[in-house]
Amino acid sequence: MNRIIPPTVQQLRLFEAVARRGSITRAAEEVHLTQPTVSMQVKALEEKVGMALTEQVGKALHLTHAGEEVAATARDVLARLADMEAALSDMQSEVAGPVSVAVVSTARYFLPQLLGRFKRAYPKVEPRLQITNRETILERMEGNRDDLYIMGQPPEEHAVIAEPFRENIIVPVAWPHHPLVGERGIPLGRIAEENVIRRERGSGTRKAVERTFQAEGLSLGTHMEFDDSEAIKQGVISGLGIAFLSMHAMRLELASGEIAVLDVDGFPLHRRWYVAHRKEKRLTGAARTFLEYLLQDSDLEKEIRA
């Protein structure tokens, strides 16, 4: 049997992305390289291994048995390298180095400010922030791609440590000229009759709202569905329907009168933001310090009134 030429770390990193995303194109987008570059690196890796690692069935890309083995090895190697980086960082006496944080889209309204304050306190820290939807957050968590994750509902399918650190208030909203604006004690059944603009399936906010209605034997239809709070806000402002949004996401719109909060039975919903990391994750000194910083910053009401 011919001896296999060891692959480079870059080849393993790119192939792990291809295996996880199931597409060379999506992997290229993730790593910010061109599709031909990623394809060439996968081909070079196949030549070193001496076997095909992927196969195209219809429009879908699948891993061969050899590809599954290489992908598993790539994950192990990359995890070990991350552990080494964390261990070396811990040897430094000062809080410095990269901190990778992935957050669900609604957290964009407060997390960058927290990162900015943290950066001013620890100038040698290098924050890396990824803002995306819950589905992608879970993919990143599965791939062990970040130090910390911010979300409204910790996943049950992953072994994680999740701690609440800030209140997340969910309210029903409409454009100021909606006929329900100004009414008191609006029953849930009345809202169920309205056009509702909803978050994408899997969203923590959507699940919390659905549970509230299901507890009363009600269900919500979907007039429109978006995975971005900004798009939902624009839909509400345009009078396209009622939505359920975090108070974090609407401070400017509420202050300007572009959006109005409805007085609906069972609302507001008082939820929590969670900061999470994989149980086996070895946090760097910088990531651990930022985690502690978040857990100390839990007074939402003072910030809203400020």
Side-chain angles (χ1 to χ4, degrees), residues 20-21 29-32 82 97-122 125-170 198-209 226-233 243-252 269-279 281 283-284 286-300 303-304:
R20 176 165 39 80
R21 301 304 300 271
E29 292 172 351
E30 178 180 303
V31 299
H32 306 293
V99 177
S100 177
V101 185
V103 307
V104 293
S105 58
T106 308
R108 76 174 68 178
Y109 299 102
F110 66 88
L111 209 286
Q113 291 87 339
L114 290 177
L115 268 176
R117 294 208 300 263
F118 183 72
K119 171 71 172 177
R120 289 192 291 273
Y122 301 99
V125 167
E126 302 165 15
R128 300 171 183 172
L129 180 62
Q130 178 75 27
I131 300 173
T132 184
N133 58 30
R134 179 179 173 83
E135 181 181 358
T136 304
I137 289 283
L138 296 180
E139 289 179 1
R140 295 180 70 89
M141 186 177 288
E142 177 68 24
N144 192 32
R145 296 186 56 204
D146 307 282
D147 298 308
L148 301 171
Y149 303 88
I150 309 297
M151 58 186 66
Q153 180 178 324
E156 299 177 357
E157 61 270 35
H158 297 291
V160 302
I161 296 174
E163 300 182 75
F165 73 98
R166 176 171 280 209
E167 192 172 18
N168 182 20
I169 301 173
I170 308 298
R198 308 178 75 180
R199 289 297 302 265
E200 77 283 3
R201 292 187 181 276
S203 158
T205 297
R206 175 167 173 163
K207 288 181 179 179
V209 171
F226 299 111
D227 64 357
D228 181 82
S229 295
E230 288 298 316
I232 293 176
K233 284 193 296 183
F244 300 88
L245 290 169
S246 169
M247 291 290 289
H248 284 295
M250 303 181 295
R251 293 180 189 175
L252 294 177
L269 299 182
H270 292 268
R271 304 178 67 228
R272 302 290 292 180
W273 287 108
Y274 288 83
V275 54
H277 62 87
R278 292 178 60 123
K279 279 187 176 180
K281 183 72 175 181
L283 295 178
T284 65
R288 190 165 54 249
T289 302
F290 184 58
L291 172 61
E292 294 167 356
Y293 180 83
L294 290 179
L295 296 179
Q296 292 171 1
D297 183 83
S298 59
D299 196 348
L300 172 63
E303 182 170 319
I304 287 180

4.5 Å side-chain heavy-atom contact, V160 and M141: yes
E139 versus R20, closest heavy-atom pair with distance: O-CD, 4.1 Å
Derivation and outcome, side-chain contact (heavy atoms from CB on, under 4.5 Å), residues L115 and R120: CA-CA 9 Å; L115 268 176; R120 289 192 291 273; over 6 Å; no
Side-chain heavy-atom pair R272, N168 within 4.5 angstrom cut-off: no
Cut-off 3.5 Å, side chains only: do S229 and R108 have a donor facing an acceptor? no
Straight-line distance of H277 NE2 to L283 CG, nearest 0.5 Å: 5.0 Å
Could you report the tightest heavy-atom contact between L138 and P155, atom names first, then the distance? CD2-CB, 3.6 Å
Is there side-chain contact between R271 and Q153, with at least one heavy-atom pair below 4.5 Å? yes
Run the side-chain contact (heavy atoms from CB on, under 4.5 Å) check on N144 and K281 step by step: do they pass? CA-CA 8 Å; N144 192 32; K281 183 72 175 181; 3.4 Å; yes
Below 4.5 Å, heavy atoms only, C-beta onward: do P112 and L129 meet side chain to side chain? yes
Side chains of T106 and R134, donor plus acceptor under 3.5 Å: no
Would you call E30-R21 a salt bridge at under 4.0 Å N-O? yes
Sole residue of I232, L269, I170 in side chain to side chain contact (heavy atoms under 4.5 Å, CB included) with T205: I170
Test your reading of the model: is there a side-chain donor-acceptor pair from K119 to the backbone of V125, 3.5 Å cut-off? yes
Beyond-backbone contact of M151 with V103, side-chain heavy atoms, under 4.5 angstrom: no
State whether the side chain of H248 and the backbone N or O of I169 hold a donor-acceptor pair below 3.5 Å, judged by distance alone. no
I'd like to know if the side chain of R278 reaches the main chain of G143, judged simply by a donor and an acceptor atom lying under 3.5 Å from each other, with no hydrogens or angles considered. no
Do R206 side-chain atoms and S203 backbone N/O form a donor-acceptor pair below 3.5 Å? no
Under a 3.5 Å distance rule, please check whether D147 uses its side chain to pair with a backbone N or O of V101 as donor and acceptor. no
Do W273 and V104 have side-chain heavy atoms sitting under 4.5 Å apart? yes
If you compare all heavy atoms of S105 against all heavy atoms of R199, which two are closest, and at what distance to 0.1 Å? OG-NH2, 3.2 Å
Quick one: are F165 and I150 in side-chain contact, heavy atoms under 4.5 Å? yes
Within the distance-only criterion (no hydrogens, no angle test), does the side chain of Y149 pair as donor or acceptor with the backbone N or O of R140 below 3.5 angstrom? yes
Distance check, rounded to the nearest 0.5 Å: R166 atom CZ versus F110 atom CZ? 5.5 Å
Quick check: closest heavy atoms across A286 and G97, and the distance to 0.1 Å? CB-O, 4.2 Å
With under 30° as parallel and over 60° as perpendicular, where do the rings of Y293 and F290 fit, or are they tilted in between? parallel
Tell me if a side-chain donor or acceptor on K233 pairs with a main-chain N or O of D228 at a distance below 3.5 Å. no
Does V99 reach the side chain of R128, with side-chain heavy atoms less than 4.5 Å apart? no
Non-hydrogen atoms of P164 and Y274 that approach each other most closely: N-CD2, 3.5 Å
Mind checking the CG-CD spacing from L291 to E163? Nearest 0.5 Å is all I need. 6.0 Å
